[in-house]
Amino acid sequence: MLAERFADDALSADTLGRIGALEVRLARDAAEVAAAQEVRYRVFYEELGATQAGIEAATGRDVDRFDEVCDHLLVFDTSLPGPDHRRIVGTYRLLRQEIATEAGGFYSEGEFELKRLVARHPGQRFLELGRSCVLPQYRSKRTIEILWQGIWAYINHYRIGVMTGCASFHGTVPAAHAEALSYLAHNCRASLEWDVRAVSGRYCPMDLMPVEAIGMRSALAAMPPLIKGYLRVGAKVGDGCVIDHQFGTVDVFIVMPVQQIAARYVSYYSGEAERFAA
């Protein structure tokens, strides 16, 4: 299945962005996917302490059934020695709606009612973003920017209308993130048209503090960089959070209709994307 998907996807042949020694493109073969899974393992399991099942411990890779049907966006440091698959320093996993339909659904449907949102917008093409990670020494504005260059080229190529996915706070106690979660609940909720609720049985409330007790600056300072980055471009969050015990995280749902992304980011990333992908 992997070999067929790589062969059929013309976009995988292209470089989608470049900043200095960093380049971003899609994985071209199984070796690059495996290397991306190793990067994910180093971040999620070795650094952040996710619970290992047998396959992770045996292979040193973060693997699940969605890897075979997703596209894998990769950041390479071209200044590093060795073959490309040993130069991967960051990755994102991308799952388009039509592929998810064939595969039995999106990954985040296990936590949030994404299927209902998709059903309410039959004229839109959805893209799920997931498994985002960057090696510690590359966690900089430059790496985030090049990832967005790649994502923007991808959504333009496939005419994506809505980006969605889970984003995480470290730890499994929502109260430990009370101010940040409450800020999201009071200030960043999706409109009714785009709202998504956590699935029944896993729903945890986010509005843990009264609005008058929330400090905007301290709440934003307590948020993971990925969530702040999403908010910067105009993303909104769904209703409720979910505890993911395997990865040791508290997850919120992110929804980004492309037409609602802040104009300055559309202008910037559209210009960059046109340099690399038609």
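Heavy atoms only: backbone and side chains are in, while hydrogens, waters and symmetry mates are out. All values reported here derive from a predicted model rather than from experimental measurement.
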Identify the two heavy atoms, one from [X] and one from [Y], that lie closest to each other, and give their separation to 0.1 Å.
X	Y	answer
Leu129	Met256	CD1-CE, 4.0 Å
Arg65	Gly104	NH2-O, 4.5 Å
Cys241	Phe112	CA-CZ, 4.4 Å
Val69	Ile99	O-CG2, 3.1 Å
Thr249	Thr172	N-CG2, 3.9 Å
Tyr41	Glu56	CE1-O, 3.5 Å

State whether [X] and [Y] are salt-bridged, where the test is any N-O pair (Lys NZ or Arg NE/NH1/NH2 against Asp/Glu carboxylate O) under 4.0 Å.
X	Y	value
Arg139	Glu47	yes
Asp64	Arg40	no
Glu23	Arg87	no
Asp62	Arg131	yes
Glu113	Arg116	yes

Would you indicate whether the side-chain heavy atoms of [Y] and [X] approach each other to under 4.5 Å?
X	Y	value
Asp195	Leu117	no
Phe126	Gln124	yes
Glu212	Pro210	yes
Leu226	Lys228	no
Arg18	Thr15	yes
Tyr230	Val237	no
Val258	Trp152	yes
Val134	Val75	no

For the residue pair [X] and [Y], does the interplanar ring angle fall in the parallel (under 30°), tilted (30 to 60°) or perpendicular (over 60°) class?
X	Y	result
Phe247	Phe44	perpendicular
His177	Phe169	tilted
Trp194	His121	parallel

Main-chain N/O of [Y] paired to [X] side chain as donor or acceptor, under 3.5 Å:
X	Y	result
Glu179	Gly215	yes
Glu32	Arg28	yes
Gln37	Arg61	no
Glu128	Ser108	yes

Drop me the distance from [X]'s [atom1] to [Y]'s [atom2], to the nearest 0.5 angstrom.
X	Y	atom1	atom2	result
Ile146	Leu22	CD1	CG	5.0 Å
Cys70	Arg93	SG	CZ	4.5 Å
Leu135	Arg42	CG	CZ	4.5 Å
Leu147	Thr91	CG	OG1	8.5 Å
Leu220	Arg232	CG	CZ	9.0 Å
Ser191	Arg189	OG	CZ	9.5 Å

Run Leu127 and Thr164 through side-chain contact (heavy atoms from CB on, under 4.5 Å) and show every step you take.
CA-CA 6 Å; Leu127 173 69; Thr164 65; over 6 Å; no
Do you reckon [X] sits in the same ILVMFWY cluster as [Y], going by side-chain contacts under 4.5 Å, direct or chained?
X	Y	answer
Val173	Met223	no
Val252	Val211	no
Leu184	Met216	yes

Between Arg96 and Tyr154, is any side-chain donor less than 3.5 angstrom from a side-chain acceptor?
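Indeed, the side chains of Arg96 and Tyr154 share at least one donor-acceptor pair under 3.5 Å.
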Atom pairs and distances, side-chain donor-acceptor, residues 198-209, under 3.5 Å, sequence neighbours left out:
residue, atom, partner, partner atom, Å
Arg202, NH1, Gly110, O, 3.1
Arg202, NH2, Ile243, O, 2.9
Tyr203, OH, Asp239, OD1, 2.7

Run the side-chain contact (heavy atoms from CB on, under 4.5 Å) check on Phe106 and Val118 step by step: do they pass?
CA-CA 11 Å; Phe106 289 101; Val118 173; 4.1 Å; yes
Does the ring of Phe253 carry Arg197 above it, NZ/CZ under 6.0 angstrom from centre and within 45° of its axis?
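No; the conditions do not both hold, so Arg197 does not lie above the ring face of Phe253.
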Between Leu73 and Ile151, is a side-chain contact (heavy atoms from CB on, under 4.5 Å) present by the stated rule, with each step listed?
CA-CA 8 Å; Leu73 189 68; Ile151 290 169; 3.7 Å; yes
Qualifying residue, where the test is salt bridge (charged side-chain N to carboxylate O under 4.0 Å, His left out) with Arg25 and the options are Asp84, Asp71, Asp14
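The single option meeting the salt bridge (charged side-chain N to carboxylate O under 4.0 Å, His left out) with Arg25 is Asp84.
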Identify, with sequence neighbours excluded, every residue that meets side chain to side chain contact (heavy atoms under 4.5 Å, CB included) alongside Ala21.
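For Ala21, the residues satisfying side chain to side chain contact (heavy atoms under 4.5 Å, CB included) (neighbours in sequence not counted) are Asp77, Thr78, Ser79.
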Checking Arg159 against Asn156 for the side-chain contact (heavy atoms from CB on, under 4.5 Å) test, could you report, in this order, the C-alpha distance in whole Å, the side-chain angles of both residues, the deciding distance, and whether it holds?
CA-CA 5 Å; Arg159 296 183 173 88; Asn156 285 342; over 6 Å; no
Check the pair Arg125 / Glu98 against salt bridge (charged side-chain N to carboxylate O under 4.0 Å, His left out), numbers first and verdict last.
CA-CA 8 Å; Arg125 300 184 76 186; Glu98 59 269 32; 2.5 Å; yes
Counting heavy atoms not belonging to Glu193, are there more than 12 under 6.0 Å from its CD?
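More than 12 heavy atoms, drawn from other residues, nucleotides or ligands, come within 6.0 Å of this atom.
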